[in-house]
Visitor: 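First the structure, which I've put down as C-alpha cells, then a few questions once you've had a look.
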Amino acid sequence: MTQEKNILPAIIAHCKEYGFVFPSSDIYDGLSAVYDYGSNGVELKNNIKEYWWKSMVRMHDNIVGIDAAIFMHPATWKASGHIDNFSDPMIDNKESKKRYRVDHLIEAHAATLSNTEGESLLKKMDELLVANDYDGLHQLIQTCGISCAVSGTKNWTEIRQFNLMFSTKVGSVAEEASEVYLRPETAQGIFVNFLNVQKTARMKIPFGIAQIGKAFRNEIIARQFIFRMREFEQMEMQFFIKPGTQKEWFEHWKQTRLDWHLKLGFAKEKYRFHNHVKLAHYADAALDIEFDFPFGFKELEGIHSRTDFDLSSHQKLSGKKLTYFDTDENKHYVPYVIETSIGLDRTFLMVLSASYCEEKTTTTDGAEDTRIVLKFPPALAPTKLAILPLTKKDGLPELAKLISTECKSHFACFYDEKDSIGKRYRRQDAIGTPFCITIDHQSLEDKTITIRHRDSMTQERMPIAKIKDFVLEKIQLI
RNA sequence: GCGAGAGUAGCUCAUUUGGUAGAGCGCGACCUUGCCAAGGUCGAGGUGGCCGGUUCGAGCCCGGUCUCUCGCUCCA
C-alpha cells in the first residue's frame, strides 16, 4: 500500500460534486451501503460494460450473452449451496470483539479432546445445528468452557444467524405467498439456462455464456464506498469445457482477463494475482485479480474453476439431465466450468481511483492552484468531446453547434459557452473529458479549430472536417 | 457488530467560555473580457443530520438516533 494520503474521501466528494455517485436516498440521509449513479456515473458505468461485453461476447464466436431474471426458483439456491452454506450461526466474544462461526469454534475445541470425547461433542453439535437450537449451542459452548483465542475469556454474546440472502414474497395473498430470494450471484441464472442457450445458440464445447446483472448480499457490514455494497452489479462469464481440460482453460482465462485490465492503460504494478489457498465448496482452483485501491490491494475479479459442481447439483435436484453430447468423443458428460466474475462497481471504483489526479498549477495571476483531472482512458470517459466557442458572439456558437450536431451521433459530446475558456477547460478536466475543441474567429475563415488534450493541456490546430475521425480513433479500445 | 473522528448554504469551512447564522468558491441573470478555475452589478439558496432533554435562551451542554470516514471485524 502506498504511503500517500488516503484519497478515498476526496474521490467520494468529487463523485458527488460532479454527478458520478450519490448516496442512495440522499434527502433521507442515505441508506447504508447503497449508492446511486449520476449523469456522468452512468455514462462511465455503461462504457465499462460495453468494453467488457464487446471484448468477451462480440470478439468471441463461442461466447454468447443472456440476461436472466433476478428472482429464481428457490430450489436454485438449495442446489448452489447458498442456503446450506451461508446461514451459519455466529457468536461474538464480548472482550475481544472477535466473531466466530459457532461450528468452527466447537470443532476447534473438539480437536483438543480425545477421539471419543471429540466425536461425541461433534455429534451433539450437529444435532443442535440441525434443530436450529441456538440456546442449546450456547449452553454447549459454556459447559465445554470454550474460551476466545484472542481475549481468553468465556464472555460470549447470544448466538445469532446471519443470512447473506435477501428474501421477499411472491404472491399478494400473505398466507399463500411463497418466499423467494434476490439472487446473491448471477452465475446460477447461467447454469439453469445451460441447455436452453447451448441448443438455441447452437454452441459446441468449449463455449461460454456471459451476463451482466445485479446481485444482492445482505453483508453484515459494508464499507469503503462502492467497494462493498448490498446491491451490486457483476459481469461474469461461465465457460463450459470438457472435464479434464480445466487446468489449461483456467490458465487461459487468467491471462486473458489480466490482459483485458492492462489494455486500459493503468500501471501494471497496480494489479496482482492472489491464489486462494482455501477453496470454496464448488472449486478446484481459484484466484483473484487484485487492484491497488486507495485502501490497499483488494479483490476486483475472481477466476474460479468450478468443476461440474453447479450443473451436477442442479441435475440432481431438478431431475433434469444437464449433459452435453460431445460428437468428437462420442459420449455424454456434464461439462466442467471456468468462471470469470468481475464486480462492475469495483471496476468503476478502480477506474476512478486510478484516474483521479490533483495537479499543482499556478493561475495566470501567479496564485497557486490545484487542477483536479480524471485521466480516464478515452474509451471510458463519460464525455469524449467538449465543444467550446471562444465567445458567444460573432457567429462562433452557430459554427460550434454545427460541429456538435455532426459529432454527437458518433460519441458523447458536450456543448458549453458559459464562463471563461479556462474555467470551461477545468470543468471538463474534472469529469475526465479527453478532448476539448475551441472555435475562434480564425475558424470562421479557414475552417480549423484548436483541439486541447486533457492530460498534457497542449493544443493543436485541426481542420473541422477531421475532428470526428480523430476522436473516433482515440476512443477505440478494441 | 466494536472503537475513534465527523455532520452548519450545492462545495470547502468559520462562528474565542450558550445570546435571533457568516465567508470564499459554486449557481442564475445582465454587463465587461476573450485560450487554461478573470472582473463588476444584482439575485436565489440554511427550522445548524434527525429526535428529545437542561436553560429565560442551544449550532455550541447532555442523552438517543441516522449517515459518512478511518481502524478492527466480516467477506463464495
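All chains are named by letter (A, B, ...) in the order of the sequence lines, taking the proteins before the strands, and each is independently numbered beginning at 1.
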Visitor: Is A/Val337 close to A/Gln246 at the side-chain level, that is, under 4.5 Å between some pair of heavy atoms?
Guide: no

Visitor: I need the CZ-C1' distance between A/Phe297 and B/C75, as an integer number of Å.
Guide: 19 Å

Visitor: For residues 231-240 of chain A, which residue pairs qualify under side chain to side chain donor-acceptor pair (under 3.5 Å), counting only residues two or more places apart or in two chains?
Guide: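 Listed once each, the pairs are A/Lys45-A/Glu233, A/Lys49-A/Glu233, A/Thr186-A/Gln234, A/Thr186-A/Glu236, A/Lys214-A/Glu231, A/Glu236-A/Gln238, A/Gln238-A/Glu339.
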
Visitor: Taking any heavy-atom pair under 4.0 Å as a contact, classify A/Gln459: base, sugar-phosphate, or nothing.
Guide: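 Here A/Gln459 touches the bases of the nucleic acid.
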
Visitor: Over 60° means perpendicular and under 30° means parallel, so classify the ring planes of A/Phe194 and A/Phe207, tilted if in between.
Guide: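 Taking A/Phe194 first and then A/Phe207, their aromatic rings lie parallel (interplane angle under 30°).
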
Visitor: N/O contacts under 3.5 Å, protein versus nucleotides 27-33 of chain B?
Guide:
| from | atom 1 | to | atom 2 | distance (Å) |
| --- | --- | --- | --- | --- |
| B/C27 | OP1 | A/Arg427 | NH1 | 3.2 |

Visitor: Suppose we screen for salt bridge (Lys or Arg N to Asp or Glu O under 4.0 Å). Which residues come up paired with A/Arg371, at least two apart in sequence or across chains?
Guide: A/Glu359, A/Asp429

Visitor: Where each residue is assigned the nucleotide of RNA chain B containing its nearest heavy atom, which of A/Tyr35 and A/Lys298 is assigned the position nearer the 5′ end?
Guide: A/Tyr35

Visitor: Identify the pairs formed between an N or O of the protein and an N or O of nucleotides 41-43 of chain B at a distance under 3.5 Å, and give each distance.
Guide:
none

Visitor: Distance check, P atoms only: B/C35 and B/C30, in whole angstrom units.
Guide: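 Each nucleotide's P atom is 22 Å from the other's.
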
Visitor: Are A/Asp440 and A/Ser443 linked by a side-chain donor-acceptor pair shorter than 3.5 Å?
Guide: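 Yes.
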
Visitor: Which heavy atom in A/Ala68 sits nearest to a heavy atom in A/Asn193, and how many Å separate them?
Guide: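 For A/Ala68 versus A/Asn193, the nearest heavy atoms are CB-ND2, 4.4 Å.
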
Visitor: How would you list, by chain and number, every residue that makes a side chain to side chain contact (heavy atoms under 4.5 Å, CB included) with A/Lys316, sequence neighbours excluded?
Guide: none

Visitor: With heavy-atom distances below 4.5 Å as the criterion, would you say the side chains of A/Leu182 and A/Arg217 are in contact?
Guide: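 With C-beta onward as the side chain, the pair stays apart.
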
Visitor: Please determine whether any donor N or O and acceptor N or O are separated by less than 3.5 Å between the side chain of A/Asp429 and the base of B/C36.
Guide: no

Visitor: Restricting to nitrogen or oxygen on both sides, can you table the protein-nucleotides 9-14 of chain B pairs closer than 3.5 Å?
Guide:
| from | atom 1 | to | atom 2 | distance (Å) |
| --- | --- | --- | --- | --- |
| B/C11 | OP1 | A/Lys16 | NZ | 3.4 |

Visitor: With A/Arg427, which residues qualify under salt bridge (Lys or Arg N to Asp or Glu O under 4.0 Å), at least two apart?
Guide: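 Per chain and number, A/Arg427 pairs via salt bridge (Lys or Arg N to Asp or Glu O under 4.0 Å) with A/Asp416, A/Asp419.
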
Visitor: To the nearest Å, how far apart are A/Glu236 CD and B/A76 P?
Guide: 17 Å

Visitor: Using the salt bridge (Lys or Arg N to Asp or Glu O under 4.0 Å) criterion, which residues pair with A/Asp345? Sequence neighbours excluded.
Guide: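 Result, salt bridge (Lys or Arg N to Asp or Glu O under 4.0 Å) vs A/Asp345: none returned.
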
Visitor: List, one per line, each side-chain donor-acceptor pair under 3.5 Å for residues 391-398 of chain A, sequence neighbours excluded.
Guide:
| from | atom 1 | to | atom 2 | distance (Å) |
| --- | --- | --- | --- | --- |
| A/Thr391 | OG1 | A/Lys393 | N | 3.2 |
| A/Thr391 | OG1 | A/Lys393 | O | 3.4 |
| A/Asp394 | OD2 | A/His441 | NE2 | 2.9 |

Visitor: For RNA chain B, which consecutive runs of 3 or more Watson-Crick or G-U pairs (each distance under 3.5 Å) count as stems?
Guide: B:1-7 with B:66-72, B:10-13 with B:22-25, B:27-31 with B:39-43, B:49-53 with B:61-65

Visitor: Show every ring-ring contact (aromatic ring centres under 6.0 Å, His included) that has at least one partner inside residues 334-353 of chain A, sequence neighbours left out.
Guide: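 Passing the test, one end in residues 334-353 of chain A: A/Tyr37-A/Phe348.
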
Visitor: Using a heavy-atom cut-off of under 4.0 Å over every strand shown, decide if A/Ile12 touches base, sugar-phosphate, or nothing.
Guide: sugar-phosphate

Visitor: Which residues satisfy the salt bridge (Lys or Arg N to Asp or Glu O under 4.0 Å) test with A/Lys78, sequence neighbours excluded?
Guide: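 In terms of salt bridge (Lys or Arg N to Asp or Glu O under 4.0 Å), with neighbours along the sequence ignored, A/Lys78 is linked to A/Asp84.
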
Visitor: Students often get this wrong, so: under 4.0 angstrom with heavy atoms, is A/Phe22 touching a base, only sugar-phosphate, or nothing?
Guide: nothing

